[in-house]
Amino acid sequence: MLVKYSLLGLFVGSLSLPVLAIKPACDSPIYCYGDLLHAVQMAKLFADDKTFVDKPTKRPVAQVLAAFESIGGINATQEALKTFVAENFAEEGQELKQVDNLPQFDPNPEFLHGVHDPLLREFGRTVHGYWKSLIREQDLTKLCDGCVSSMLPLKYHFVVPGGRFREIYYWDTYFTLEGLLISGLKDIAKSNIKDLLDFVDMFGFVPNGARVYYQDRSQPPMLALMVQLYDRYAGGDDFALKALPQLLTEYEYWAKYHSATVRASDGDHMLSRYIVTTDQPRPEAYSSDYALAHSVSTDPKRQAQIYADMAAGAESGWDYTSRWVRDPLAPPDRILHGIRTSHVVPVELNAILYFNERYLASLLRRAGRKYDASKYDLRAEARLKAIQSVFYDSNSGLYYDFILNDDNSGRGNQSDIFSPASVWPYWWIGNSIDGDGAQRAFSFVGEVLAKNPGGIPATLINTGQQWDAPNAWPPLQYSTMQGAFATGNRKLATDIAQAYVNNVFCAWYNTGGSIPHVLTQLPGISDTGHMFEKFNSTAVGVQGSGGEYTVQAGFGWTNGVLLWVMDNFGDVLKTPVCPGIHIEVQSASATSSAPHAASTH
């Protein structure tokens, strides 16, 4: 859809801080706001609200709106709405076409040579092959003249996460790129980045995902990391320098419009937080947001703040977690009543922006712009000082989010909630500031892993939300391993890697995974093996749970992190042990000297 822009001076709730100067306004009366969206979503025609807003129309917009009014508009019955949707909307996903021609695809990629365990080598080859089922291109030829879709324009090939996620997503793409580049699919990796760079040209930032209803929010700003990652693997061209204008534009968006002043004992610090300007439910989760806001308050201003904080939680990528709520120990059905995302200054966002500042300085120097580079050096130095002052706990060596008071003063207090974000800064600072503190921090991470054989959980609190215990998420395993690497804790990084491989492999095998001539499918299973988006940290081989939707399979970042683990730890990874299951390997060429029987604990 075409996107209109409006210049707005915007303020959010009680924080009274500027959010957006250029706000992309989704003006779709079908996919973003209005009576039609409200009526359809509140009628609960689909188990997942995202289903409706992903459907393209069968008729031009004016005809669809007229048909809606003809059945009574906002007062239409559920049965009438069901017929209306069937007659006026096509199946979701019709704007996409799977890309089968991958000239760079090699069935025997280089990284496999470094995987010593024969079974894992064949599993890695299998997962490498899954890219073929996840790469898409946009194809609007099935849409009628005047028909519309909620998809944003995408010129290049891209990877979808899988399941209900039929579009490219922002921060997912970084972890997916790790796998694509290890698989040798440099052109596909580059095309993903180019699609995101195009979004910066269109909007001034990268939206949450490639849908018009995501235009009011972004996700963790990892575009600079993606460019740096591609540059490292595929150096030799000037792609990074060509991307510099968009990277600077995106950085300024985050620096200007997601900022918060924090008053600490050593003075004021400018840091960043997730914050979204909206007074509407998220279209893809409309009915649940509406029910939440109306169960909390009848005050429209309070409801609007809930909508804004729910959207900000989605912007964080951690949707949802005890990190964003007032009372993390509230009953599960009331946990989100205290949503306050915009009052939380999060560790990982500021660590990511610190990387951006450092990387932008280095690119500016490469471009010969030494004066501009020095300004970003100063920004990085100031942010690092703020990170240490505001987030760092010297007793534990961990970093904790900062919770802003409601009085708009910039004062507040550190959270006491541990998450993998608590060690995220070590990915880039290593032992450079407090080596002893780093060792204390990762010693604690080791203690957490010892209690969680399936990996590091999102937090240590089980709220029923998906970014809390007991869910172990691939990107959080990755960031924690990177931090462990950077601080010299390779043994711990290896243990996390092994736990991750165990969980991914066993969940895949438990759901029907098999390898021709190597690994026989478990009996009585009709599925063919699922790569889940998240896993249970307390039980190896069990998918994650909780949150707003059922667990999804596919899955871009799971595959990407797995291949990264195999590339970096392949010489020490061992055959996975799947509780209660005997792994029977068929081919002598795929066996190792160690037996593959799993323990039955």
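Computation of the quantities below employed the complete heavy-atom set of this structure, encompassing side-chain atoms and omitting hydrogens, waters and symmetry-equivalent molecules.
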*Give the intermediate values and the outcome of side chain to side chain contact (heavy atoms under 4.5 Å, CB included) for residues Arg136 and Gln98.*
CA-CA 5 Å; Arg136 301 284 188 274; Gln98 186 166 312; 3.8 Å; yes
*Distance-minimising heavy-atom pair for Thr511 and Ile525*: C-CG2, 3.7 Å
_Polar side-chain atom of Gln477 near backbone of Ile456 as donor-acceptor pair, under 3.5 Å_ = yes
*Relative to the ring of Phe111, is the ring of His128 parallel (under 30°), tilted (30 to 60°) or perpendicular (over 60°)?*
perpendicular
*Nearest heavy-atom pair of Leu181 and Ala189: which atoms, and what distance?*
CD2-CB, 3.7 Å
*Shortest non-hydrogen contact from Ala386 toward Leu271*: CB-CD2, 3.6 Å
*Val347 side chain reached by Val423 side chain, heavy atoms, under 4.5 Å*: no
*Kindly write out the residues that satisfy side-chain hydrogen bond (donor to acceptor under 3.5 Å, both in side chains) with Gln482, not counting sequence neighbours, or none if the list is empty.*
Tyr478
*Report yes if some heavy atom in the side chain of Tyr400 is under 4.5 Å from a heavy atom in the side chain of Ile417; otherwise report no.*
no
*Mind checking whether Trp171 and Trp424 have parallel, tilted or perpendicular rings, split at 30° and 60°?*
parallel
*Output yes when a side-chain donor or acceptor of Ser218 lies under 3.5 Å from a complementary backbone atom of Val206, and no otherwise.*
yes
*Quick check: does any side chain N or O of Gln219 sit under 3.5 Å from a backbone N or O of Gly209, one acting as donor and the other as acceptor?*
no
*asked:* Is there a side chain to side chain contact (heavy atoms under 4.5 Å, CB included) between Leu398 and Tyr426? Walk through the geometry before answering.
replied: CA-CA 10 Å; Leu398 298 168; Tyr426 287 113; 5.8 Å; no
*Report yes if the side chains of Leu177 and Tyr230 come closer than 4.5 Å at any heavy-atom pair, otherwise no.*
no
*Beyond-backbone contact of Tyr354 with Ile429, side-chain heavy atoms, under 4.5 angstrom*: yes
_How long is the straight-line distance from CG of Asn489 back to OG1 of Thr480, given to the nearest 0.5 Å?_
11.5 Å
*Keeping the roles fixed (side chain from Asn350, backbone from Pro346), state whether a donor-acceptor pair exists under 3.5 Å.*
yes
*Yes or no on ring pair (Phe, Tyr, Trp, His ring centres under 6.0 Å) for Tyr214 and Tyr169, after CA distance, side-chain angles and deciding distance?*
CA-CA 10 Å; Tyr214 287 144; Tyr169 280 80; 5.6 Å; yes
*Please answer whether the main-chain N or O of Arg323 pairs with a side-chain N or O of Trp467 as donor and acceptor at a distance below 3.5 Å.*
no
_According to side-chain hydrogen bond (donor to acceptor under 3.5 Å, both in side chains), who are the partners of Arg440, at least two apart in sequence or on a separate chain?_
none
*Are Phe485 and Phe569 close enough that their ring centers fall under 6.0 Å?*
yes
*What is the minimum heavy-atom distance between Leu197 and Ala243, and which atoms define it?*
CD1-CB, 3.9 Å
*Do Phe555 and Val504 have side chains that get closer than 4.5 Å, going by heavy atoms?*
no
_Could you measure the distance from the CH2 atom of Trp131 to the CG atom of Leu134? Nearest 0.5 Å is fine._
7.0 Å
_Smallest separation among heavy atoms of Ser419 and Ala458, with atom names_ = CB-O, 3.0 Å
*Are side-chain heavy atoms of Lys534 and Trp557 found at a separation under 4.5 Å?*
no
*Quick one: pull up CD in Glu122 and CD1 in Ile515 and give me the separation to the nearest 0.5 Å.*
6.0 Å
*For Trp324 and Ser316, does a side-chain donor sit closer than 3.5 Å to a side-chain acceptor?*
yes
*Without swapping roles, check the side chain of Gln439 against the backbone of Thr487 for a donor-acceptor pair under 3.5 Å.*
yes
_Before you tell me yes or no, could you show the steps for Tyr170 and Phe199 under ring pair (Phe, Tyr, Trp, His ring centres under 6.0 Å), namely the whole-Å CA-CA distance, both residues' side-chain angles and the distance that decides it to 0.1 Å?_
CA-CA 10 Å; Tyr170 185 6; Phe199 286 154; 9.2 Å; no
*Taking the six-membered ring for Trp, is the centroid-to-centroid distance between Tyr509 and Phe123 below 6.0 Å?*
no
_Side chain Gln498, main chain Lys574, donor-acceptor under 3.5 Å_ = yes
_I'd like to know whether Thr173 forms a side chain to side chain contact (heavy atoms under 4.5 Å, CB included) with Val159, so could you lay out the CA-CA distance, the side-chain angles of the two residues, the decisive distance to 0.1 Å, and finally the verdict._
CA-CA 8 Å; Thr173 301; Val159 175; over 6 Å; no
*Contact list for residues 427-477, test disulfide (SG to SG under 2.5 Å), sequence neighbours left out*: none
*Measuring from Lys194:NZ to Asp187:CG, what's the distance to the nearest 0.5 Å?*
9.0 Å
_CG on Leu223 to CD on Gln228, rounded to 0.5 Å_ = 12.0 Å
*asked:* Once you measure the plane-to-plane angle for Phe205 and Tyr253, does it fall in the parallel (<30°), tilted (30-60°) or perpendicular (>60°) bin?
replied: parallel
*How far does CZ of Phe505 sit from OG1 of Thr126, to the nearest 0.5 angstrom?*
9.5 Å
*Could you tell me whether the side chain of Pro109 reaches within less than 4.5 Å of the side chain of Ile182, counting heavy atoms only?*
no
_Strictly distance-based, threshold 3.5 Å: is any side-chain N or O of Gln521 a donor or acceptor partner for the main-chain N or O of Gly512?_
yes
*Distance only, no hydrogens: is a donor on one side chain within 3.5 Å (strictly under) of an acceptor on the other, for Tyr251 and Glu357?*
yes
*Is there a donor-acceptor contact under 3.5 Å linking the side chains of Arg125 and Asn108?*
yes
*Is it true that a side-chain atom of Tyr320 and a backbone atom of Met310 form a donor plus acceptor pair closer than 3.5 Å?*
yes
*Which residue pairs pass the disulfide (SG to SG under 2.5 Å) test with at least one member in residues 459-504, sequence neighbours excluded?*
none
*asked:* Donor-acceptor pair, distance only, cut-off 3.5 Å: does the side chain of Thr494 make one with the backbone of Arg490?
replied: yes
*Could you tell me which residues satisfy side-chain hydrogen bond (donor to acceptor under 3.5 Å, both in side chains) with Tyr130, sequence neighbours excluded, listed by chain and number?*
Trp508
*Under 4.0 Å between a Lys/Arg side-chain N and an Asp/Glu carboxylate O for Glu167 and Lys50?*
yes
*Answer whether the closest heavy-atom distance between the side chains of Phe105 and Ser183 falls below 4.5 Å.*
no
*May I ask you to decide whether Arg217 forms a salt bridge with Glu284, counting only side-chain N to carboxylate O separations under 4.0 Å?*
yes
*asked:* If only side-chain N and O atoms count, and only distance matters, is there a donor-acceptor pair under 3.5 Å linking Asn471 with Gln465?
replied: no
*asked:* Looking at every heavy atom in both Pro425 and Ala351, which two are closest together, and how far apart are they?
replied: CA-CB, 4.0 Å
*State whether Phe355 and Arg358 meet the cation-pi test: NZ (Lys) or CZ (Arg) under 6.0 Å from the six-membered ring centroid, and within 45° of the perpendicular axis.*
no
_Pairwise side chain to side chain donor-acceptor pair (under 3.5 Å) hits with a residue in residues 447-461, at least two apart_ = Asn452-Ser537, Thr459-Asp468
*When you look at Asn568 and Met481, which way does the side chain to side chain contact (heavy atoms under 4.5 Å, CB included) test go after all the steps?*
CA-CA 11 Å; Asn568 284 273; Met481 286 184 276; over 6 Å; no
